[in-house]
Amino acid sequence: MSTRIAFLKGHGTENDFVILPDPENALDLSPAAVAALCDRRAGIGGDGVLRVVRSAAHPEARAMAGEAEWFMDYRNGDGSIAEMCGNGTRVFARYLQHAGHVTEGDLAIATRAGVKTVHIAKDGDITIGMGRARLPEGDVTVTVGERSWPARNVNMGNPHAVAFVADLAHAGDLYAPPPVSPASAYPDGVNVEFVVDRGPRHVAMRVHERGSGETRSCGTGACAVAVAAARRDGADPAVTGTPATYTVDVPGGRLVITERPDGEIEMTGSAVIVAEGEIDAEWLAQALG
């Protein structure tokens with residue numbers, strides 16, 4: 001291992017990430033290393049790590065190399081592997097632009113949830129093609145303290161439970177994962193969204209992300225919320241034949257989600273590179289001690 005490791009810090013609607021450029025897949029990124037880097041007091045701090053690897057160099061992405069040159073190896077803040085992160089994909093695209101690998105316009109990014117289409121607009125916003133939502137059958141209930149709500153099971157490549165509530169404060173402190181039943185609905189854990197209405201096709205949400213706790217924003221969560229709201233409102237684009245667009249306020253900003261009649265979902269929002277520097281490998285070795 002070299003004595004210093006390059007990194008950047010970025011965020012998408014304040015969902016923040018440590019970015020590790022590793023084009024040749026040379027870093028051995030253990031769960032403990034990810035957790036140390038994401039520690040907000042003893043490390044750099046972040047909701048997760050985005051490792052930037054050429055698809056051809058990573059065994060999980062090699063089959064996608066013909067469609068997407070770059071693979072987003074995303075890890076949650078606790079070191080666990082996640083299938084997909086919508087805000088992370090925007091920040092990943094911003095990094096590729098920042099590093100000179102891509103310019104404004106269209107590109108493709110490989111993820112564990114498949115190849116995602118991306119558009120970098122001249123105004124700076126980035127739109128991600130998030131794929132289609134799956135709506136597993138079965139009743140799901142979310143509980144916080146003495147309150148319980150029915151929730152919509154939405155899968156965006158990762159699992160979500162979307163609960164519509166009267167007040168976002170009812171979500172509690174979200175330090176621990178809110179209990180969701182039946183547990184069999186989410187054998188690998190779940191992201192839980194609490195949602196209130198702000199106006200016509202305008203909602204606000206808080207989220208407990210699996211493996212990270214409450215975050216300032218969750219892109220796949222915002223998509224799941226928009227899909228759940230559209231079904232609740234009778235605005236299913238597959239039925240109406242017209243796109244459904246929802247504005248979703250998150251603690252860190254605002255995302256705009258559009259579901260098309262063919263089921264494809266697009267998410268538009270900001271992405272910012274905040275800083276870049278070097279991680280001291282000796283510190284990392286000690287942190288893993």
Side-chain angles (χ1 to χ4, degrees), residues 12-13 15 55 61 63-72 74 82-94 96-97 102 104-137 152-162 190-191 193 195 200-203 205 207 217-250 253-271:
T13 49
N15 198 186
S55 297
M64 296 180 276
E67 297 178 74
E69 180 180 2
W70 296 98
F71 172 59
M72 183 180 78
Y74 177 63
E83 303 92 335
M84 172 60 184
C85 175
N87 289 321
T89 307
R90 291 204 317 281
V91 174
F92 190 95
R94 178 68 76 220
L96 293 178
Q97 182 186 37
V102 303
E104 292 172 359
D106 297 328
L107 68 143
I109 293 173
T111 76
R112 289 187 174 85
V115 175
K116 301 301 177 184
T117 58
V118 181
H119 180 79
I120 303 175
K122 289 183 178 180
D123 66 4
D125 276 352
I126 297 178
T127 298
I128 305 291
M130 300 291 287
R132 292 175 169 84
R134 290 191 295 109
L135 301 171
E137 296 292 334
R152 191 74 190 244
N153 189 343
V154 183
N155 194 292
M156 287 297 308
N158 57 359
H160 297 268
V162 180
V190 62
N191 305 285
E193 287 81 24
V195 188
R201 298 201 180 184
H202 183 185
V203 297
M205 62 175 267
V207 57
S217 181
C218 176
T220 56
C223 292
V225 164
V227 168
R231 301 305 183 275
R232 180 199 64 172
D233 297 343
D236 181 351
V239 175
T240 65
T242 58
T245 297
Y246 279 76
T247 298
V248 182
D249 292 341
V250 295
R254 175 169 288 179
L255 296 166
V256 177
I257 312 298
T258 298
E259 184 181 10
R260 304 199 308 250
D262 64 1
E264 289 292 329
I265 297 169
E266 295 179 338
M267 174 183 66
T268 300
S270 62

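The figures that follow rest on heavy atoms only: side chains count, while hydrogens, waters and symmetry mates do not. Note that the structure is predicted; figures quoted are calculated from it, not measured.
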Q. Given Thr268 and Asp125, is the side-chain hydrogen bond (donor to acceptor under 3.5 Å, both in side chains) satisfied, shown in steps?
A. CA-CA 7 Å; Thr268 300; Asp125 276 352; over 6 Å; no
Q: Output, in order, the C-alpha distance, side-chain angles, deciding distance and verdict of side-chain contact (heavy atoms from CB on, under 4.5 Å) for Val225 and Val203.
A: CA-CA 8 Å; Val225 164; Val203 297; 3.7 Å; yes
Q.
Show, in sequence, the C-alpha distance, side-chain angles and deciding distance for Met156 and Ile265, and conclude whether the side-chain contact (heavy atoms from CB on, under 4.5 Å) test is met.
A. CA-CA 10 Å; Met156 287 297 308; Ile265 297 169; 3.9 Å; yes
Q. Nearest heavy-atom pair of Val227 and Ala133: which atoms, and what distance?
A. CG2-CB, 4.0 Å
**Q.** Among Arg231, Arg132, Glu264, side chain to side chain contact (heavy atoms under 4.5 Å, CB included) partner for Glu259
**A.** Arg231
(Q) Between Glu83 and Thr111, does the side-chain contact (heavy atoms from CB on, under 4.5 Å) criterion hold? Intermediate values first, please. (A) CA-CA 7 Å; Glu83 303 92 335; Thr111 76; over 6 Å; no
Q) If you look at every heavy atom in Val118 and Ala93, which pair is closest and at what distance? A) CG1-CB, 3.8 Å
Q.
How close do Lys116 and Met130 get, counting heavy atoms only, and between which atoms?
A. NZ-O, 3.4 Å
**Q.** Verdict with supporting geometry, His160 and Asn153, side-chain hydrogen bond (donor to acceptor under 3.5 Å, both in side chains)
**A.** CA-CA 6 Å; His160 297 268; Asn153 189 343; over 6 Å; no
**Q.** Nearest non-hydrogen partners of His202 and Tyr246, listed with the distance
**A.** N-CD2, 4.3 Å
Q | Sequence-distant partners of Phe71, ring pair (Phe, Tyr, Trp, His ring centres under 6.0 Å), two or more places apart | A | His58
(Q) Tell me the closest heavy-atom pair linking Ala108 and Glu67, and the distance in Å. (A) CB-O, 3.5 Å
Q: Run the numbers on Met267 and Thr89 for side-chain contact (heavy atoms from CB on, under 4.5 Å), then give the verdict.
A: CA-CA 11 Å; Met267 174 183 66; Thr89 307; over 6 Å; no
Q.
Taking the side chain as everything from C-beta on, heavy atoms only, tell me whether Arg90 gets closer than 4.5 Å to Leu255.
A. yes
Q: Give the minimum heavy-atom separation between Cys218 and Glu193, together with the two atoms involved.
A: SG-OE2, 4.5 Å
